[in-house]
Amino acid sequence: MTINVKITISLKDGMLDPEARAIQHALSNLGYATETLSTARVFNVGLDADSAETAERMATEMCNRLLANPVIHSYEIEVI
């Protein structure tokens, strides 16, 4: 059975986010003042798993082994 998971990877607090800074600057130039802005990557993954718990475990392994750098990233996994 295919179970869909949504993985959101973002920088941990205190990490520099130059992409967000550039977007915030561009928005300011367009007249949109923002107090804060951060970026994140979202992966929508369909996993062949027999349960939601197995899919979540697989997604966690994917984050720890490839998708996220545990030193600078945090991640959230949502089984959809």
Side-chain angles (χ1 to χ4, degrees):
M1 127 172 81
T2 300
I3 298 178
N4 295 312
V5 295
K6 177 180 172 183
I7 302 169
T8 304
I9 298 176
S10 58
L11 290 168
K12 289 183 175 178
D13 289 340
M15 300 303 298
L16 293 178
D17 189 346
E19 183 179 7
R21 180 169 284 195
I23 292 168
Q24 194 170 21
H25 182 72
L27 287 171
S28 176
N29 288 340
L30 293 173
Y32 300 103
T34 57
E35 288 292 321
T36 60
L37 192 145
S38 62
T39 60
R41 290 181 179 220
V42 176
F43 298 88
N44 295 306
V45 184
L47 294 170
D48 183 19
D50 56 3
S51 68
E53 292 78 20
T54 300
E56 186 170 350
R57 181 187 51 77
M58 292 169 67
T60 300
E61 288 177 8
M62 293 166 62
C63 289
N64 292 331
R65 297 182 70 190
L66 179 68
L67 299 177
N69 177 343
V71 175
I72 64 171
H73 293 129
S74 59
Y75 59 83
E76 294 179 22
I77 297 169
E78 179 183 355
V79 178
I80 302 172

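We number each residue from 1, following the sequence as shown.
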Testing the basics here: between [X] and [Y], what is the closest heavy-atom pair and its distance to 0.1 Å?
X	Y	result
Ala40	Thr8	CB-CG2, 3.9 Å
Ile3	Ala55	CG2-CB, 3.7 Å
Ile7	Cys63	CG2-SG, 3.5 Å
Leu47	Ala59	CD1-N, 4.2 Å

For the pair [X] (side chain) and [Y] (backbone), establish whether a donor and an acceptor sit closer than 3.5 Å, ignoring hydrogens and angles.
X	Y	answer
Lys12	Pro70	yes
His73	Asn69	yes
Glu56	Val79	no
Thr34	Leu37	no

If you group Ile, Leu, Val, Met, Phe, Trp and Tyr by side-chain heavy-atom gaps below 4.5 Å, do [X] and [Y] land in one group?
X	Y	result
Ile72	Leu66	no
Leu11	Leu67	no
Val71	Ile9	no

Just how far is it from atom [atom1] of [X] to atom [atom2] of [Y], taken to the nearest 0.5 Å?
X	Y	atom1	atom2	value
Met62	Ile77	CE	CD1	8.5 Å
Arg41	Glu19	CZ	CD	7.5 Å
Asp48	Met1	CG	CE	9.0 Å
Ile23	Ser38	CD1	OG	9.5 Å
Arg57	Ser51	CZ	OG	8.5 Å
Met58	Thr60	CE	OG1	11.0 Å

What I'd like to find out is whether the side chain of Val42 reaches to under 4.5 Å of the side chain of Lys6, using heavy atoms alone. yes
With a 4.5 Å limit on heavy-atom distance, are the side chains of Val5 and Phe43 in contact? no
Other residues, nucleotides, ligands: >12 heavy atoms within 6.0 Å of [X] [atom1]:
X	atom1	answer
Asp13	CG	no
Glu76	CD	no
Glu61	CD	yes

Thr39-Asp17 side chain donor-acceptor pair, cut-off 3.5 Å: yes
